[in-house]
Number of protein chains: 2
Amino acid sequence: MAIQKLTKNQSLVLDALEHAEGPLSAYTILDKLRDHGFRAPLQVYRALDKLLEFGLIHRLESMNSFVACAHPDHHHHHDHGVTAFAICEDCGQVTEMHDAGMEERLSVLAGNQHFKTEKTTIEIRGHCQNCTAE
Amino acid sequence: MAIQKLTKNQSLVLDALEHAEGPLSAYTILDKLRDHGFRAPLQVYRALDKLLEFGLIHRLESMNSFVACAHPDHHHHHDHGVTAFAICEDCGQVTEMHDAGMEERLSVLAGNQHFKTEKTTIEIRGHCQNCTAE
DNA sequence: GCAATTGATGTAATAACATTACGTCAATTT
DNA sequence: AAATTGACGTAATGTTATTACATCAATTGC
């Protein structure tokens with residue numbers, strides 16, 4: 001797929017996510033971007049939709065929030081395979097993980113049901129190494 | 001763990017989910033139970049919380065809704081391992097899947113990060129066999 | 001060039017999902 | 001009988017997401 005130039009709003013939202021410590025909700029992004037002229041949720045949601053489409057960000061379903069992709073290809077938006085997220089409930093840090101074996105198992109499971117997969121969500125909630133050590 | 005007697009509200013909510021075609025949102029449940037005296041969201045959410053705790057229902061994170069567990073043990077609430085859900089975007093049908101290989105991969109992934117897993121969400125969105133055939 | 005289409009934007013209003021706060025009541029414990 | 005606990009009821013509010021409608025700039029087709 002060809003290079004994708006981002007619009008101003010899309011760049012602002014992506015920037016906010018890339019510079020954030022962890023995942024942000026749409027409304028948190030909105031607040032961060034008020035100084036840049038954002039006034040309404042839709043401005044954020046529209047940008048998020050496009051960024052998701054381009055594969056530059058991910059949505060974390062279990063916490064209604066968004067993170068910048070850990071290994072974005074800014075020139076060609078691509079399909080990473082299935083991504084699993086480890087989400088620390090203490091510090092909020094999110095780790096992206098990829099695993100061929102995992103994809104294989106999911107593929108088999110779906111195949112058993114003759115199910116046609118469109119999108120797969122894998123989110124592991126728990127405690128990261130730092131927050132486990134006491 | 002010992003047998004768990006459900007309260008009236010919990011039974012009503014569980015019943016609604018068990019008799020539903022597919023997943024229900026909390027507010028849909030509320031509407032279904034208005035005739036039984038439900039007036040406020042909290043009545044539903046409190047029951048849902050307990051039913052989740054007892055392992056009698058599941059929450060589908062990607063659609064903010066709830067389903068009755070496919071193989072409940074009404075006498076001893078138990079820990080099924082990881083459950084993967086295949087969710088049909090056409091008909092709404094949800095299939096529960098379990099797989100030891102998948103759990104193993106997840107366990108390895110988490111282990112690699114020294115991550116302590118509390119809860120794992122796996123949701124596959126797509127099209128079921130019926131809805132794929134045209 | 002100019003009309004038509006397309007895609008991004010702005011704004012307001014509303015819908016959908018979830019929680020906090022506060023008070024009551026019944027059962028159990030001490 | 002007092003204290004604790006857990007379920008319940010109600011209201012208000014907080015949070016997340018979408019619908020509806022209008023404007024504007026860029027592109028396309030004639």
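No experiment lies behind these values; they were computed from the predicted model shown. Each chain gets a letter, A, B and so on, in the order the sequences are listed, and its residues count up from 1. Side-chain atoms are counted along with the backbone in the values below, which use heavy atoms only and exclude waters and symmetry mates.
- Residues passing the ring pair (Phe, Tyr, Trp, His ring centres under 6.0 Å) test with Tyr45(B): none are found, sequence neighbours excluded.
- Applying the side chain to side chain donor-acceptor pair (under 3.5 Å) test to Ser11(A) and every residue at least two apart in sequence or in another chain returns nothing.
- The side chain of Ala40(B) sits closest to dT10(D) out of dA8(C), dC8(D), dT10(D).
- Remark: nothing in residues 28-36 of chain B comes within less than 4.0 Å of DNA chain D through any heavy atom.
- A centroid separation of less than 6.0 Å is found between the aromatic rings of His58(A) and Phe85(A).
- Between Thr7(A) and dA8(C) there is no side-chain polar atom (N or O) within less than 4.0 angstrom of OP1 or OP2.
- Of the N and O atoms on the side chains of Arg125(A) and Ser62(A), at least one donor lies less than 3.5 Å from an acceptor on the other residue.
- Over its length, the helix from dG1(C)-dC30(D) to dT30(C)-dA1(D) turns its helix axis by 30°, as judged from the five terminal pairs at each end, rounded to 10°.
- Within the 4.0 Å cut-off from OP1 or OP2 of dA8(C), at least one side-chain nitrogen or oxygen of Lys50(A) is found.
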For nucleotides 18-26 of chain D, list the nitrogen or oxygen atoms of the protein found under 3.5 Å from its nitrogen or oxygen atoms, one pair per line.
none

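- OP1 or OP2 of dG9(D) lies within a sub-4.0 Å distance of a side-chain N or O belonging to Gln43(B).
- Comparing Asn64(B) and Phe38(B) by the nucleotide of DNA chain D whose heavy atom lies nearest to each, the residue mapping closer to the 5' end is Phe38(B).
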Quiz prompt | Derivation of the side chain to side chain contact (heavy atoms under 4.5 Å, CB included) call for Leu60(A) and Val67(A) | solution = CA-CA 7 Å; Leu60(A) 301 177; Val67(A) 280; 4.1 Å; yes

Below 3.5 Å between N/O atoms, which protein atoms pair up with nucleotides 24-28 of chain C? Just atom names and distances, please.
none

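- Between His98(B) and His71(B), the two ring planes are tilted [angle within 30° to 60°].
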Quiz item: Between Asp49(B) and Arg46(B), does a salt bridge (Lys or Arg N to Asp or Glu O under 4.0 Å) hold up when you go through it step by step?
Solution: CA-CA 5 Å; Asp49(B) 284 345; Arg46(B) 284 203 274 230; over 6 Å; no

